[in-house]
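Heads up, the thing below is written out as C-alpha cells.
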Amino acid sequence: MLIVKYMFQPHGDERGQLIALEEYKDIPFQIKRVYYMYETGEGVRRGFHAHKKLKQILICVHGSCKIHLDNGEEQKEVILEKPYEGLYIDNNMWREMYDFSPDAVLMVLASEVYDESDYIRNYDEFLKFVKNK
Ligand code: T46
C-alpha cells in the first residue's frame, strides 16, 4: 500500500510559520468541505468506515494522532504529528483514528460535501465492495 504524505511549504519568518493550502495546487482536488475534531477523549478510536467516493487530506494541525489504514489487502499505521504534513486518504480505504494527544486538533480537507450514503460502515461490506472493484 502506498502512503501519500504531503509536506506543505511553511512560509516562515521571524514572526513564526504560516501554511497556505490551495485546491489543485497544494491539495489534489477541489476542497468542498473542511472539518476538524478536537478534545478527543483519552483512549477514543474514531472512524471505522470507508468512503465510496470521498478523497481527503488529514492534517494534525496541533498535537498528534495515529491513523490506521486498510485497503482490504494491507494495513498500515501512520503517525500525524506535524502541522506541515498532510495524509492523503483515497476512496475505498478503511480508516480508524486513535491515540489522540489531549491537545490534538485533526483537520480534514474533503473533496465532497457530507453525504451519509457515501459511507461504508460495515467492515465485511467494505471487503466485498473492494473485492468487486
Ligand atoms: C472520515 C474521518 C477521518 C457532519 O454533520 N458533517 C460532517 O462533515 C462530518 C464529517 C460529520 N458530521 C456529523 C456526523 C456525526 O453525527 O458529525 C458527527 C461525527 O461524525 P463521524 O462519526 O462520522 O466522525 P468520525 O470521526 O468517525 O469520521 C470523520 C468523517 O465522518 C469521515 O468522513 O473520514 O472523520
Side-chain angles (χ1 to χ4, degrees):
M1 183 198 308
L2 182 67
I3 299 293
V4 180
K5 241 190 196 183
Y6 286 83
M7 294 295 164
F8 305 122
Q9 177 67 59
H11 302 280
D13 58 27
E14 65 285 354
R15 297 169 297 175
Q17 302 294 334
L18 183 153
I19 288 180
L21 302 174
E22 292 185 23
E23 55 194 15
Y24 298 127
K25 188 175 154 200
D26 311 281
I27 302 299
F29 48 75
Q30 184 187 10
I31 302 165
K32 292 200 184 156
R33 180 167 50 114
V34 177
Y35 61 92
Y36 44 93
M37 51 199 87
Y38 58 98
E39 293 180 3
T40 308
E42 199 184 338
V44 165
R45 207 167 168 110
R46 310 187 59 124
F48 298 97
H49 60 258
H51 284 280
K52 296 174 196 161
K53 187 171 169 206
L54 185 72
K55 300 169 192 304
Q56 305 192 104
I57 298 252
L58 276 60
I59 307 167
C60 199
V61 290
H62 196 257
S64 63
C65 66
K66 290 181 187 153
I67 317 292
H68 167 86
L69 294 176
D70 180 341
N71 64 5
E73 290 184 345
E74 272 184 86
Q75 287 107 38
K76 287 233 166 118
E77 178 184 273
V78 181
I79 300 174
L80 289 178
E81 55 188 352
K82 303 286 183 202
Y84 53 76
E85 58 187 20
L87 173 67
Y88 177 73
I89 306 186
D90 216 336
N91 57 335
N92 303 330
M93 184 76 80
W94 189 265
R95 83 283 320 266
E96 294 168 22
M97 301 84 76
Y98 57 104
D99 274 3
F100 287 82
S101 61
D103 58 349
V105 181
L106 180 62
M107 183 175 78
V108 183
L109 310 180
S111 67
E112 308 296 332
V113 297
Y114 182 67
D115 175 9
E116 184 55 39
S117 71
D118 190 60
Y119 285 71
I120 307 172
R121 294 193 180 274
N122 177 287
Y123 187 69
D124 291 334
E125 251 175 58
F126 162 69
L127 290 180
K128 274 190 214 146
F129 189 80
V130 289
K131 277 184 184 127
N132 291 329
K133 283 274 140 203

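Only a predicted model underlies this, so the values are computations on that prediction, with no experimental measurement involved. Here, residue 1 is the first one in the sequence, and each next residue gets the next number. Only this structure's heavy atoms are used, side chains among them; waters, hydrogens and symmetry mates stay out.
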Quiz item: Does CD belonging to Gln30 count more than 12 external heavy atoms closer than 6.0 Å?
Solution: yes

Quiz item: Are Leu109 and Ile27 side-chain neighbours, meaning at least one heavy-atom pair lies under 4.5 Å?
Solution: yes

Quiz item: Should Ile89 and Leu58 be marked as a side chain to side chain contact (heavy atoms under 4.5 Å, CB included) after you check the CA-CA gap, both sets of side-chain angles, and the distance that decides it?
Solution: CA-CA 8 Å; Ile89 306 186; Leu58 276 60; 3.8 Å; yes

Self-check item: Donor-acceptor under 3.5 Å (Gln75 side chain, Leu69 main chain)
Solution: no

Quiz prompt | Trace of the side chain to side chain contact (heavy atoms under 4.5 Å, CB included) decision for Leu106 with Met97 | solution = CA-CA 10 Å; Leu106 180 62; Met97 301 84 76; 4.1 Å; yes

Quiz item: With no hydrogens and no angle check, is any side-chain donor or acceptor of Ser64 less than 3.5 Å from a backbone partner on Glu81?
Solution: no

Quiz prompt | Residues Arg121 and Glu116 bridged, charged N to O under 4.0 Å | solution = yes

Quiz item: If Ile, Leu, Val, Met, Phe, Trp and Tyr residues are connected whenever their side-chain heavy atoms lie under 4.5 Å apart, and connections chain through other members, are Phe48 and Leu54 in the same group?
Solution: no

Quiz prompt | Smallest separation among heavy atoms of Asp26 and Ala20, with atom names | solution = OD2-O, 3.6 Å

Self-check item: More than 12 heavy atoms from other groups under 6.0 Å of OH on Tyr38
Solution: no

Self-check item: Flag if over 12 foreign heavy atoms under 6.0 Å of CD, Gln17
Solution: yes

Quiz prompt | Sidechain N-carboxylate O distance under 4.0 Å for Lys52, Asp118 | solution = no

Practice problem: Would you indicate whether Phe29, at its atom CZ, is surrounded by more than 12 heavy atoms from other residues, nucleotides or ligands within a distance under 6.0 Å? | Solution: yes

Quiz item: Are more than 12 heavy atoms from other residues, nucleotides or ligands located less than 6.0 Å from atom OH of Tyr35?
Solution: yes

Quiz item: Do other residues, nucleotides or ligands put more than 12 heavy atoms under 6.0 Å from Lys128 NZ?
Solution: no

Practice problem: Verify, without hydrogens or angle tests, whether Arg33 (side chain) and Ala110 (backbone) share a donor-acceptor contact under 3.5 angstrom. | Solution: no

Practice problem: Check the hydrophobic clustering (I, L, V, M, F, W, Y; side-chain heavy atoms under 4.5 Å; chains of links allowed) and say if Tyr6 and Leu87 are grouped together. | Solution: no

Quiz prompt | Stepwise side chain to side chain contact (heavy atoms under 4.5 Å, CB included) test for Gln56 and Arg95 | solution = CA-CA 11 Å; Gln56 305 192 104; Arg95 83 283 320 266; 3.1 Å; yes

Quiz item: Between Phe126 and Trp94, how do the two ring planes meet: parallel, tilted or perpendicular, split at 30° and 60°?
Solution: tilted

Practice problem: Decide if atom NZ of Lys5 counts as having more than 12 heavy atoms of other residues, nucleotides or ligands within a radius under 6.0 Å. | Solution: yes

Quiz item: Short question: side chain of Glu23, backbone of Ile31 - any donor-acceptor pair under 3.5 Å?
Solution: yes

Quiz item: Are more than 12 heavy atoms from other residues, nucleotides or ligands located less than 6.0 Å from atom CD of Glu74?
Solution: yes

Quiz prompt | side chain to side chain contact (heavy atoms under 4.5 Å, CB included) assessment of Tyr119 paired with His51 | solution = CA-CA 5 Å; Tyr119 285 71; His51 284 280; 3.3 Å; yes

